[in-house]
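Numbers here simply count residues along the sequence, with the first being 1.
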Amino acid sequence: MSEALRVWIDQELCTGDGLCVQYAPEVFEFDVDGLAYVKDDRGDLLAAPGARADVPASLRLDVISSAKECPGDCIHVIRETDEVEVAGPDA
């Protein structure tokens with residue numbers, strides 16, 4: 001079971017703790033506003049609200065862990081095929 005996953009962050013709930021950046025710095029990064037955002041596969045910050053990034057297969061567990069541990073409950077990990085949330089507040 002290695003379904004493609006996507007991830008996005010609800011910045012309105014982000015507390016800026018940075019656990020996600022520690023778990024998967026290849027996927028998450030802080031912007032100048034002190035909130036976390038996702039990055040695309042080139043490492044570019046996706047600052048648009050609700051912007052989604054692909055989760056690299058090698059980082060699946062780190063991204064899922066970051067969603068489960070996030071104090072702001074703002075990280076959403078969804079299956080690409082049907083957009084069902086597999087980790088995060090709506091999982």
Side-chain angles (χ1 to χ4, degrees):
M1 184 190 117
S2 57
E3 296 178 84
L5 298 178
R6 306 202 75 202
V7 61
W8 64 280
I9 296 176
D10 182 344
Q11 278 76 32
E12 300 214 356
L13 298 175
C14 181
T15 57
D17 281 81
L19 285 176
C20 58
V21 177
Q22 292 174 15
Y23 271 107
E26 304 88 347
V27 177
F28 304 107
E29 184 176 310
F30 284 119
D31 200 3
V32 293
D33 60 7
L35 302 177
Y37 291 83
V38 293
K39 299 191 287 187
D40 66 18
D41 55 5
R42 294 183 312 277
D44 295 328
L45 198 70
L46 303 177
R52 297 173 176 189
D54 294 327
V55 177
S58 61
L59 296 172
R60 287 170 59 93
L61 292 178
D62 291 331
V63 170
I64 289 170
S65 294
S66 69
K68 289 180 176 177
E69 300 296 322
C70 176
D73 254 356
C74 65
I75 300 171
H76 300 264
V77 183
I78 58 171
R79 282 194 306 245
E80 190 172 38
T81 52
D82 58 9
E83 300 206 346
V84 169
E85 189 156 313
V86 295
D90 300 327

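Remark: Asp31 engages no residue in a side chain to side chain donor-acceptor pair (under 3.5 Å) (not counting sequence neighbours). Considering only residues two or more places apart in sequence or on other chains, Ala67 meets the side-chain contact (heavy atoms from CB on, under 4.5 Å) condition with Ile75, Val77, Ala87. For Arg6, the salt bridge (charged side-chain N to carboxylate O under 4.0 Å, His left out) test picks out Asp54, with sequence neighbours left out. A search for side-chain contact (heavy atoms from CB on, under 4.5 Å) contacts involving Pro56 returns Val27, Ser58, Leu59, not counting sequence neighbours. The salt bridge (charged side-chain N to carboxylate O under 4.0 Å, His left out) check on Asp90 picks up nothing, with sequence neighbours excluded. Residues meeting the side chain to side chain donor-acceptor pair (under 3.5 Å) test with Asp73, sequence neighbours left out: none. Listed by chain and residue number, Arg52 satisfy the side chain to side chain donor-acceptor pair (under 3.5 Å) test with Glu83 (two or more places apart in sequence, or in another chain). The side chain to side chain donor-acceptor pair (under 3.5 Å) search around Glu85 returns His76, not counting sequence neighbours.
Heavy-atom minimum distance, Thr81 versus Glu3: OG1-OE1, 3.7 Å.
Arg60 contributes atom CZ, which lies 12.0 Å from atom CG of Asp62 (distance to the nearest 0.5 angstrom). In this structure, CD1 on Ile9 lies 7.5 Å from SG on Cys70, to the nearest 0.5 angstrom.
Considering only heavy atoms from C-beta on, Val86 comes within 4.5 Å of Leu5 through its side chain.
Heavy atoms from other residues, nucleotides or ligands lying under 6.0 Å from CG of Leu61 number 12 at most.
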Can you give me every donor-acceptor pair (side chain of residues 38-47, partner residue at least two apart or in another chain, under 3.5 Å) with its distance?
residue	atom	partner	partner atom	Å
Lys39	NZ	Pro25	O	2.8
Lys39	NZ	Glu29	OE1	3.2
Asp40	OD1	Arg42	N	2.9
Asp40	OD1	Gly43	N	3.1
Asp40	OD1	Asp44	N	2.9
Asp40	OD2	Arg42	NH2	3.1
Arg42	NE	Asp44	OD2	3.3
Arg42	NH2	Asp44	OD2	3.4

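Ile78 and Ile64 fall into different hydrophobic clusters, where Ile, Leu, Val, Met, Phe, Trp and Tyr residues are linked whenever their side-chain heavy atoms come under 4.5 Å apart, directly or through other members. Following chains of ILVMFWY side-chain contacts shorter than 4.5 Å, one cannot reach Trp8 starting from Leu35, and the two form parts of different hydrophobic clusters.
Applying the ring pair (Phe, Tyr, Trp, His ring centres under 6.0 Å) rule to pairs touching residues 15-45 yields nothing, sequence neighbours excluded. Annotation: salt bridge (Lys or Arg N to Asp or Glu O under 4.0 Å) contacts involving residues 10-20, sequence neighbours excluded, are absent.
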